[in-house]
Structures are given as structure tokens and as C-alpha cells.
Amino acid sequence: MPRYDPRRIETKWQAFWDEHATFVTPNQPPRGSRGKLYVLDMFPYPSGSGLHVGHPEGYTATDIVVRYNRMKGKHVLHPMGWDAFGLPAEQHAIKTGTHPRETTYNNIDTFRRQLKMLGFSYDWSREISTTDEDYYRWTQWIFLQLYDTWFDTDHEWTGPDGVKRKGKGRPISELPIPSDVAAQGTAAVRRYQDSQRLAYQSEAPVNWCPALGTVLANEEVSSEGKSEIGGHPVERRALRQWMLRITAYAERLLSELDPLDWSESIKILQRNWIGKSIGAEVDFLVEESGVRGQESGGSGQRANFAAWKDARANAGYSAAPESNVIRVYTTRPDTLFGATYMVLAPEHPLVATITTADQRAAVEAYRQKSSLKSDLDRTDLAKEKTGVFTGAYAVNPVNGQPLPIWIADYVLISYGTGAIMAVPAHDARDLEFATQFNLPVIEVVSSGNDAVPNIGFTGDGTAINSGEFTGLPTAEFKQKIAVALASQGLGKSAVNYRLRDWLFSRQRYWGEPFPIWHEIDADGKPTGLVRAVAENDLPVTLPDMDDFQPKGTPEPPLAAAPRDWLYMTADDGTRLKRETNSMPQWAGSCWYYLRFCDNKNSQSFIDPAVEKYWMPVDLYIGGAEHAVLHLLYSRFWHKVLFDRGHVSTAEPFQKLVNQGMILGENNEKMSKSRGNVINPDDVVGEYGADALRLYEMFMGPLEQVKPWSMNGVEGVYRFLGRVWRMIADDAADDIVLSPTVQDVPLTTEQERLVHKTIKVVTDDIEKLSFNTAISRMMEFTNEFTGANPRPKSAMETITLLLAPFAPHLAEECWQLLGHNGSLAHHPWPTYDAALLVEDEIEIPVQVNGKLRAKIKVPTAADAAAMQSLAESDETIKAQLAGKTIVKVVAVPGRMVNFVVKG
RNA sequence: GCCGAAGUGGCGGAACUGGCAGACGCGCUGGAUUCAAAAUCCAGUGUCCCCAAAGGACGUGUGGGUUCGAGUCCCUCCUUCGGCACCA
């Protein structure tokens, strides 16, 4: 007795698809193609624990879209691969001695087997792994493009897409060299170029994690100052690092986000991360030390200040302030008259020169203490503000008032100019600090509301105590003061971003080596000059190594590579040593969507014609955890490639959807420690891949977070069984068509249901509303289960509609219904809108907005006809008896409402 | 603190541009089939009033508002989840 047997059906059809290369997609569109469609999943990191149920959620969604569009005649690209560099394999190597390569490729085999088991219609001939030499060769090549590019901020241009832009990445050979630099010779020119490249080296304080033996990006450090991986302590340390100048692209990454078909909340997440703010820079002259504090000192200082202002008025505002000037950034230049003190970040270079002898010890102690803390540590201890007076004073440029200069770690060196003017009356942090240290507070903005005190008011209001500007609304004040400051050479309008440059190097083995040589002198010491590895020497392959133990120093594992890998002598006789850092895991995932288009190309990373045909990605689905970093990084790389003419679109991903996380049955995040992990292998073993796919789509809206339910899986499994029994003969010994399925015409009712189901399922797939599409197919099945005979044409329709969701069962039913081969390319059913219209519909009748009856009316009935039909209904008659009808609202095709009184 | 998303039966969820709240599934109850069970099929299932039916009242986090009519629009507050977090 052939019950619904997913195991038999699924292995049979997976073998069929493999054997017939059903889903292999050539780069040339087939004859009659209705256009291309590139549907992409976020490729997984092949972890040792295998696929979890979160993966198939997004993968099933894209597979439905792909299978549906394939039937609609679209030329679909649907690839899969592996983001396979990364720390876990290396950690595993440290523990067990197994080479990361071996671990990684074993894990990939597991993932591939699991994905094939789920019946996704990937074109497996396009499979890639970021760890393949043939792949990371091009990752290195793209890095060299970044290295070869500088950002020309003011360059105005029109791209191949017809969009006008300001700011462009251009070849380093086109960088103008200032004459004074050129005069100093080749080495100086090279250093100048290096300082402008999108990939540059920097001695930067980084997050060094001794336990992992590596530095981490800010994003890889948790708010408690622990590593995201492993939860180990992280400390600060200055190291030479490779950085990518993503900040150059901040404005483009922001403005070019707007036209994309992404959810507004994801766009907002990216915008917040970029964090654009508009304000002004203002310069403050530092008083000469020792003078202030003496009763007689005032006039001399005023003379200094007056002279400086004169000089500025003549010379104008310059890119770099004099050595006795503090430059601040503020979003509220309108509160300049309310500044009562200034704060420098402890690391600010001016601290050393302005601090008075009296205060030196205290200032040094404070700097020492804060140097040990990371940005994150500082915010952690945010309960009370701390800081130290430097003993020095600055002069407020608008009114000549002296302002004590403090250092405090609530001011960050990494944002703005690393210095602020403090306006305690209108800034919460400054107010807290002023209260703590008893500094004066001057109100300069009126809230305009007696209930809201001016002190502590941080909104827009009206200026008070602000000289000639008094009475101006905040917005107008901001404009006027910016103009006034600029004309006096004391400041200018300015924009800041909270986005920081991307720390791009890691001290790991299992990552892409940098294609970079360091020049070294006779003693083996680096000269500070570097060279790119020649393009035809790529890839720089990972040397074979077997010792992965961290050495407890920031020296990367590759520093212990064989000498013939590490050293070389150039044609010009220069001794060269390889860069021994490696790239972060993000690198490979920044451009994988391009390689899928042309994964076998050995001449270039992608053929331009192929790129033009497939790009951009039409639909990209993946987890919300990548809403910021991965998506921002790959947009950045893509824009550089675009500026350099290697790709034809400015943005890689036209439409983006984030699937919601699947929680455990107890409504908590799935984790081993909570013991609520669902293993896809188990679910498939018991209910089949079709049931798993269907359940994950039926749980709820794709983008929503939702808990797992085994009972729910059971439910859709039962549904699939009903579909099977509707078409196959459950009682027969062989697998044969049910005798109830006959070649008979549809009744009018059945015909309407068939066409309605085609319409709603089609519309729902287009909207990615898979849960409702499934419920419509359930309704259909509930109706036809009771039919005898069951028209064969209706069975064919439901089979085709179900195919994107439960492809194995659908293929089997299709065969039972007498068709040869796969239905994967069979045309999607169409419906006739005229057949959806019913002659008579049931509408609600309300009295005073309350439902009192339901009546049947002809579909075409107008308002008057509906009203008279409603009035003749017995219940409504009774409701209306003895009352006055004030008004009747009758909406054709919808409802009737009597408004009565009495 | 700021930004974003969301609160609907016992549970997951549905409801187009304001127009029958609870589609579909789970769970539960009853029945058929069976020696019995599993599986399957049929029926019922928001809460309350009423012996029951007929009928009625209430009902989409809270409180208010707009409207003939509000889950849907506006304002207030509460809760949960996600992101950022001294960014001047």
C-alpha cells in the first residue's frame, strides 16, 4: 500500500535532477526567454555542526521564487557556495592539529549533502568556495584594485548608469603630486601615494585578544569588551594594520541607498551606522600658559586674541590650525555663546603642550589610565563622568571669554576633531560633567515653553544671551553663525560621519594572504615602502604549515612560514618580505555574487558581458545579522569596482529581504546550551524535505521572528499526505493514479476555485507571502478531497502550483498524471479573471454599525438595490421597526449600514 | 537614552486602498472506521448570558479621538523584540 513516502519520492527526483542537469543555467539566455533573474542566498559559513533550520528558511524562499520564475519562462541564476575562511577551522586546528583545509572541505561536503537533500534547485556547476585558490586569487586581485585607487572627493562625473555623482575612486597614477612632495624624490612621492590609497597601513590602537592571538574589528568585540567568538578579554594595543578607506565612500554609500528596493528599517540601520551629522568646525585660540589666573593678565591676553583674529580675518580658515589653536566640531554652533569650558580627548596631541606645570602630574595619570581602556570600556563605565583640568584656557572666538580646558574620556579622539566646546545648558553630557566639577552653566536657548526649563533643553528654540544673534530661531542662527565664522576665518560648515575606516588585517593563518611585499634593508628591517604583487603572480597561495598555536604575541602565524615563501629579491635587487597578516573573513563575501556569474573564468574575475547580463542581483535573501556589515562592505567594494570601470552597476543588490530568525519551541533563541536546537536531518528523516520546506514557509511571514513547532511540521506533513491521496491511489498495491481522478470537465464552482487559487497563489508568491499561498492550496485540497470524480485538469493545476514549494511530491504527482520528465520548465498555470466573478455575493447589513444580518445580493447590485434588499430582510425589518432612518450607507459589493435613531 | 519593528482565540498566524475579526494550520471535543490502536475521514471549537435553540452582550496591549463604520487612521501610555549607545 503506497502511502505518502517522502524518502522514496525525494531520493528519486533528486537523482533525476542531477542526472538530467535540470537546473544547470548557461550564461546565454535560452530561446524564448522572458528575461534574466538573479536570485541569491547569503552563502553559509560551513560550520562543523552542519546546517541548522535557519538556513533552509531563506533558501526555501529563494527556491520558491526561482522555481516559480523558471516556470514563468525567466532565465534564472540561482547559485550556492561557501564562505569558508574563518576562525573556527583554525581554532579547531589549534585543538586537534587537523589542518583547517581538511576541516573546511569536510564541512563543505556535509553542507552540500544537506542542501541537496532539501531539493533546492541550485546550479551546482557554479559552486565556489572562498578558500579555493582560483577564487581567492581574484579576492587578492580586487584588493590590489583598492590598493591602486585613491578617492577624488571633488570629482564630478556621470556613470555608465547615467547618474551624476560627486567623488570618484581613480587610479593612483592619476593622483596629483604636490610640488613640494615631488621635489623630495621618488620615496617621498611613493609615501604620499600610499597615504592616499583606499588600502593603506596605519599604526592604530586595535583590539588585541591574547587568547585568540589576534586583533579584532570593533564589530567583533562585544559591549562587555569580550571577543564575540569565545568571549575572551580584549585589550588595546597599537599595531601596524591594513585599513580600507570606506569613509571616503560614506556619502555615496548613504545617498545611493535611497533608490534600492530594501525595507526602510534596513536602510535606516545602514544610515545610522554611517551616522552623518551636519554642523560646523570652530577654532579656539589657547591663551599663553601661566598668564591667566593673575589679576593683571587679562589685557595682554585680549591683545593676543585680537591679533590672532586680525590674522585670521586676513588669511582665512585653513585646513590645519596653528599649534596653539583648538579646533572643535559641533552640531550646535548656535550655542557658541553658552560654551563655558572645553574638553579634549585624552589622546589629543595638544594635551602635552598646553598642560600647565601644576596640572601635569594629574593629567598624565589620567591619560595613562584611559589609554588602557578601549572605546567600549569607556562607555561601560559611563555612570560618572571623569576628567582633569589641564590648567590652560582658550578664548571663545565670539565673545573673548576665557574657557578652562579639560581632558575627559567622554570625548573620543576618533570622532570629529577629538575636541569639543562644552555647552552644559544645552547638552546632557556637558551638563552632567559641569555639575560633577562645578563649572558654570549659561543658558543661550529658550525652549519657548514655561513647563520646559531652558537648562537641559537640547531641542531647537530661540536664542538668548547671544549678542547680535539673540532672538533667532535655532536653524537660522546655525546658518548665520556659520557664515559669520567663515567670513572671519574662524570656522566653517562641516560634515562628520560616525563610520570609521575598516580594519582589514587579521593575525590568522586561515584567510587570504595579502598580495603585498614589504621592502627591507640589509638588516631585514622594513623600510616602510611596499609593493603590490604583480597580477600574473597571483594568487599568493597559503604556504603549507602545521603549527597553528598562538604565540601570545600579535605576530601572525604566517611569520613562521618557510623562508622561500617569505622572502624574495626583486629584479632591481631590492630585498622583499611578504606581508604576513591575512584578510578578514568579510573579504571573500564582498564579491562572491560576481564570481557566481562566471565562476570558471581564468582570465578575469568576471567577463564584462556576463557581468552586464546578470547584474544586479534581483533578489537577495539572508539573515538580518548581516544588515549592516556584510552589506555595507560589499556595497563599498562594488562601488570601487564600479568607479574603476570593472562593473556596470553602482549597487550590487537591487532587492533585499531579511528572513526572521527561527526560535526554539520554547520561544528562545536556538542554542546547544538551551537544548532547543532542531536538526534538519532529523526532520527530513521523519517527515521529508518537502514537509520541512513547506513548514518553514507556513510558519508565518518570512521576515518575522517565529518559534518552531513540531506539531506544525506534522500539520503540513498531513497536508502533503492529503495531496498525495487526492491524486494517487492509496489502496492499490502499486503506485498508480487514483481511480477518482478522471478526465471530466470542471463544474462551475470547481472552475472558479481553480482559477481563484491560481490567482491568489501567484499573487502571494510575487509578494513573498508564502504562508498565505500555502493556506490557499490547503483550502483547494480540502474542497477537492471530497469531490468524486476529481477532474484531472484540476489535479494538474494544483500539482503545478505546489511545485515551487514541495517540488519532489509535485514531480511525482506530475508523473502519475501521465507526464514525462520534469515539470521544472512547464509553463506556470494562468487564470481567467472573468471566471472569478460570482453572480451572487453575501454582504453584511449593519444597523448603527452593528452587524445584524447577512443577505445575498446580485454582484452587480447598485446602492439602491442593495438597500431595498436589505430592508426586506426579516431581521433588519425588526431592527428598523419604530425607528427613524437618518442615513443609509450602501457600498456596492461591500455592505449596507442603516443609521437610525429612536 | 535614541532609532526601528511588533502586540489579534489555548498556540502559529489571516484580514485587499477603513467595510462580515479569527482564513489556514496546530491543539482540544465529539463521531465514523477498527477486536483495539495507529493512520484516515466527518462535525464542532473567541469569551460570556441562556437548560437549549432563537437571540443577545462583549471582544484585536491601555486610554482617548476621527468616522455611518476602526485590528486597520490620529494622539497618549504600557509591554516585547532588534539595532545603536558619551559620535559633540
Side-chain angles (χ1 to χ4, degrees), chain A residues 1 3 223 263-273 275-277 279 328-332 335 343 375-376 378-382 385 408-412 414-423 427-430 432-433 458 496-500 624-625 627-628 658 660-661 663 665 667 695 698-701 703-716 718-719 721-722 725 730 760 763 769 771-779 781-782 785-786 842-854 875 878 886-891 893-900:
Chain A
M1 44 136 214
R3 286 234 183 112
S223 54
S263 77
E264 201 49 37
S265 44
I266 294 290
K267 288 187 185 178
I268 287 170
L269 234 50
Q270 290 226 342
R271 289 194 193 110
N272 290 347
W273 192 263
K276 180 179 186 175
S277 93
V328 305
Y329 172 75
T330 176
T331 54
R332 293 298 300 271
T335 60
V343 187
D375 282 7
L376 292 153
R378 290 187 185 184
T379 61
D380 223 27
L381 307 166
K385 294 264 182 293
D409 63 9
Y410 81 93
V411 173
L412 308 173
S414 49
Y415 183 78
T417 59
I420 63 159
M421 65 174 201
V423 184
D427 181 282
R429 297 150 301 181
D430 297 345
E432 201 192 317
F433 191 84
T458 57
N496 257 298
Y497 302 89
R498 58 199 304 167
L499 183 69
R500 308 289 154 80
E625 68 274 18
V628 178
N658 285 117
M661 199 182 2
L663 304 176
E665 299 213 67
N667 243 299
Y695 172 66
F698 188 61
M699 294 172 86
E703 300 190 61
Q704 194 167 300
V705 178
K706 39 210 178 291
W708 188 267
S709 155
M710 261 322 172
N711 282 333
V713 182
E714 186 96 36
V716 293
R718 281 207 283 260
F719 163 67
R722 282 161 70 92
R725 287 187 297 277
D730 204 21
V760 293
D763 292 351
S769 179
N771 54 334
T772 53
I774 293 165
S775 70
R776 297 301 196 158
M777 291 189 280
M778 287 172 167
E779 284 176 300
T781 305
N782 289 344
T785 299
E842 194 181 57
I843 61 155
V845 181
Q846 304 174 344
V847 177
N848 282 345
K850 287 203 156 107
L851 177 71
R852 293 301 175 188
K854 294 178 187 182
T875 321
V886 181
K887 186 177 175 181
V888 180
V889 182
V891 182
R894 289 255 180 244
M895 44 69 71
V896 180
N897 186 15
F898 293 94
V899 185
V900 301

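Contact of the A:M421 side chain with the A:T335 side chain is registered, since non-hydrogen atoms from C-beta on lie closer than 4.5 Å.
For B:C20, neither phosphate oxygen OP1 nor OP2 lies less than 4.0 angstrom from any side-chain nitrogen or oxygen of A:Q846. Taking 4.0 angstrom as the limit, A:K850 places none of its side-chain polar atoms (N or O) nearer than this to OP1 or OP2 of B:A70. Within the 4.0 Å cut-off from OP1 or OP2 of B:C41, at least one side-chain nitrogen or oxygen of A:R722 is found. Residue A:N771 places at least one side-chain N or O closer than 4.0 Å to OP1 or OP2 of B:A14. Contact check, A:K706 against B:G12: no side-chain N or O comes under 4.0 Å of OP1 or OP2. Considering only side-chain N and O atoms, A:R718 lies under 4.0 angstrom from the phosphate OP1 or OP2 of B:G27.
Listed candidates were B:A88, B:C86, B:C68. Nearest to the side chain of A:Y410 is B:C86. Residue A:T772 has its side chain nearest to B:A14 when only B:A14, B:C86, B:G19 are considered. Taking every side-chain heavy atom of A:M895 into account, B:G19 is the closest of B:A88, B:G27, B:G19. Closest approach to the A:R725 side chain among B:A23, B:G4, B:C41 is made by B:C41 (side chain taken as heavy atoms from C-beta onward). In the set B:A88, B:G12, B:G19, the nucleotide with an atom closest to the side chain of A:Y415 is B:A88. Candidate nucleotides B:C24, B:C20, B:A57 were compared by shortest atom distance to the side chain of A:R852, and B:A57 ranks first. Taking the side chain of A:S775 as heavy atoms from C-beta on, and the options B:A23, B:G25, B:C68, the nearest nucleotide is B:A23. Taking only side-chain atoms of A:R498, from C-beta outward, the nucleotide of B:A88, B:C84, B:G19 with the closest atom is B:C84.
For A:W273 and B:A85, the CH2 to P distance is 6 Å, given to the nearest whole Å. Rounded to a whole Å, the CD1 atom of A:I774 is 14 Å from the C1' atom of B:A23. The CZ atom of A:F698 sits 8 Å away from the P atom of B:C26 (whole-angstrom rounding). Put simply, CG on A:N658 is 15 Å from P on B:G82, counting in whole angstrom units. Across the protein-nucleic acid pair, A:M699 atom CE and B:G12 atom C1' stand 8 Å apart, rounded to whole Å. Across the protein-nucleic acid pair, A:K267 atom NZ and B:C3 atom C1' stand 17 Å apart, rounded to whole Å. A:Y695 places its OH atom 15 Å from the P atom of B:G25, with the value rounded to the nearest Å. In this structure, A:N272 places its CG atom 17 Å from P of B:G82, rounding to the nearest Å.
For RNA chain B, if you chain together Watson-Crick or G-U pairs that step i with j, i+1 with j-1 and so on, the runs of at least three with distances under 3.5 Å are B:1-7 with B:78-84, B:10-12 with B:24-26, B:27-32 with B:40-45, B:46-49 with B:55-58, B:63-65 with B:73-75.
With A:K887 as reference, A:V899 is the one residue of A:V900, A:V899, A:N897 to meet the side chain to side chain contact (heavy atoms under 4.5 Å, CB included) rule.
At a threshold of 4.0 angstrom between heavy atoms, the contacts of A:E842 include nucleobase atoms, whether or not backbone atoms are also involved. A:N897 comes within contact range of at least one nucleobase, with a heavy-atom separation under 4.0 Å. A:S709 comes within 4.0 angstrom of no nucleic acid atom, judged by non-hydrogen atoms across all strands. If you check every strand for non-hydrogen atoms under 4.0 Å, A:V899 touches sugar and phosphate atoms only. Nucleic acid contact class of A:S277 (heavy atoms, under 4.0 Å, all strands): sugar-phosphate only. Here A:G715 lies in heavy-atom contact (under 4.0 Å) with sugar-phosphate atoms only. Residue A:D430 is classed as having no contact, given no heavy-atom separation below 4.0 Å to the nucleic acid.
The cationic atom of A:K385 (NZ for Lys, CZ for Arg) lies less than 6.0 Å from the six-membered ring centre of A:Y410 and within 45° of the ring axis.
When the side chain to side chain contact (heavy atoms under 4.5 Å, CB included) test is applied to A:R718, the partners found at least two apart in sequence or on another chain are A:E714.
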Table please: side-chain donor-acceptor pairs of residues 704-711 of chain A below 3.5 Å, with sequence neighbours left out.
| residue | atom | partner | partner atom | Å |
| --- | --- | --- | --- | --- |
| A:K706 | NZ | A:E57 | OE2 | 2.6 |
| A:K706 | NZ | A:P701 | O | 3.1 |
| A:K706 | NZ | A:L702 | O | 3.2 |
| A:K706 | NZ | A:Q704 | O | 2.6 |
| A:S709 | OG | A:N711 | N | 3.4 |
| A:S709 | OG | A:G712 | N | 3.0 |

